[in-house]
Amino acid sequence: MHDFLKLKLSPYWIGAVSEKGRLVKVSVCYSQKDLYRSLGAALKEQTGSSSFLKRLKQDLLSYWQGERVDFTNYSLKLDGYSPFQRKVWKLTQEIPDGEVRSYKWIAKRLRSKGYRAVGQALAHNPFPLIIPCHRVIREDKSLGGFSAGLDIKRKLLQIEGISLACLYE
DNA sequence: AACTGTCGCGAAG
DNA sequence: CTTCGCGACAGTT
């Protein structure tokens, strides 16, 4: 059945749900309470015991200390999401650690001018960190948005050693 | 029909 | 040169 992981990373809490060796959802929050709200109360009871989630836990800890971690080989449960969303997320996964791209960059690669639609797709990303939607910013190098809260986006970029004016606003 | 995690242009300071 | 307002854009609910 489902397995859950809960982990405190510096000021934030991160949680993950998996099912049969595939990730179902990840979320980053400001408190445990928010985590339960977004991942479900089951998270309260269960502890991540599958080897799969143990590996994820180690990877997340390493990442948080500034190591380069490759998250691209985690298998993700993508059923039920639209083709457009999947394409956007796939391109986002191709952005290397330590670099950023713009919403426009992604749209262009999909031969679309739906910049805002790209933003909307990223806003619904079920796998923050794993699919690094924080590496997508505006064309003019300003920060853009982040559904889990902009300070988290700043923090992640900072961990990856990216230096941009928008990180110090 | 109304909403976005946008972009680029034109006008004004 | 910088900032601001606004309309166009495309995909989702």
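Bear in mind that the values here come from a model prediction, so they are computed numbers and not experimental data.
- For the pair K108(A) NZ and dA10(C) C1', the computed distance is 17 Å after rounding to whole Å.
- Applying the Watson-Crick and G-U wobble criteria (two distances, each under 3.5 Å), dT6(B) pairs with dA8(C).
- Within the 4.0 angstrom heavy-atom criterion, base atoms lie near G145(A).
- Taking atom CD1 of I106(A) as the reference point, atom C1' of dC9(C) lies 16 Å away to the nearest angstrom.
- At the heavy-atom level, V118(A) lies nowhere under 4.0 Å from the strands shown.
- The number of heavy atoms from other shown groups lying within 6.0 Å of NZ (K8(A)) is above 12.
- Atom NZ of K104(A) is separated from atom P of dA10(C) by 14 Å (rounded to the nearest Å).
- To the nearest angstrom, P of dG11(C) lies 15 Å from CH2 of W89(A).
- Base engagement by S147(A) is indicated by at least one non-hydrogen atom pair under 4.0 Å involving a base atom.
- As a whole-Å value, the separation of L143(A) CG from dT6(B) P is 11 Å.
- Counting heavy atoms of neighbouring residues, nucleotides and ligands inside a 6.0 Å radius, atom NZ of K25(A) exceeds 12 of them.
- If you check dG5(B), dC7(B), dA10(C) against the side chain of E139(A), the one that comes closest is dC7(B).
- When all heavy atoms of L167(A) and R154(A) are compared, the pair lying nearest together is O-CD, 3.4 Å.
- For the pair I137(A) and A117(A), both in contact range of DNA chain B, the more 5′-proximal nearest nucleotide belongs to A117(A).
- Look at NZ on K141(A): it is 11 Å from P on dC7(B), rounded to the nearest Å.
- Within 4.0 Å of F146(A), counting heavy atoms only, lies at least one base atom of the nucleic acid.
- Y115(A) and E139(A) form no side-chain donor-acceptor contact under 3.5 Å, judged by distance and modelled atom types alone.
- With salt bridges taken as basic N to acidic carboxylate O contacts below 4.0 Å, one links E19(A) and K77(A).
- Between H124(A) and K113(A), the one whose closest nucleotide on DNA chain C sits nearer the 5' end is K113(A).
- With hydrogens and angles ignored, a donor-acceptor pair under 3.5 angstrom links the side chain of Q120(A) to the base of dG11(C).
- Between dT12(C) and S82(A), a contact under 4.0 Å exists linking OP1 or OP2 to a side-chain N or O.
- Residue R116(A) is classed as a base contact, given a heavy-atom separation below 4.0 Å to a base.
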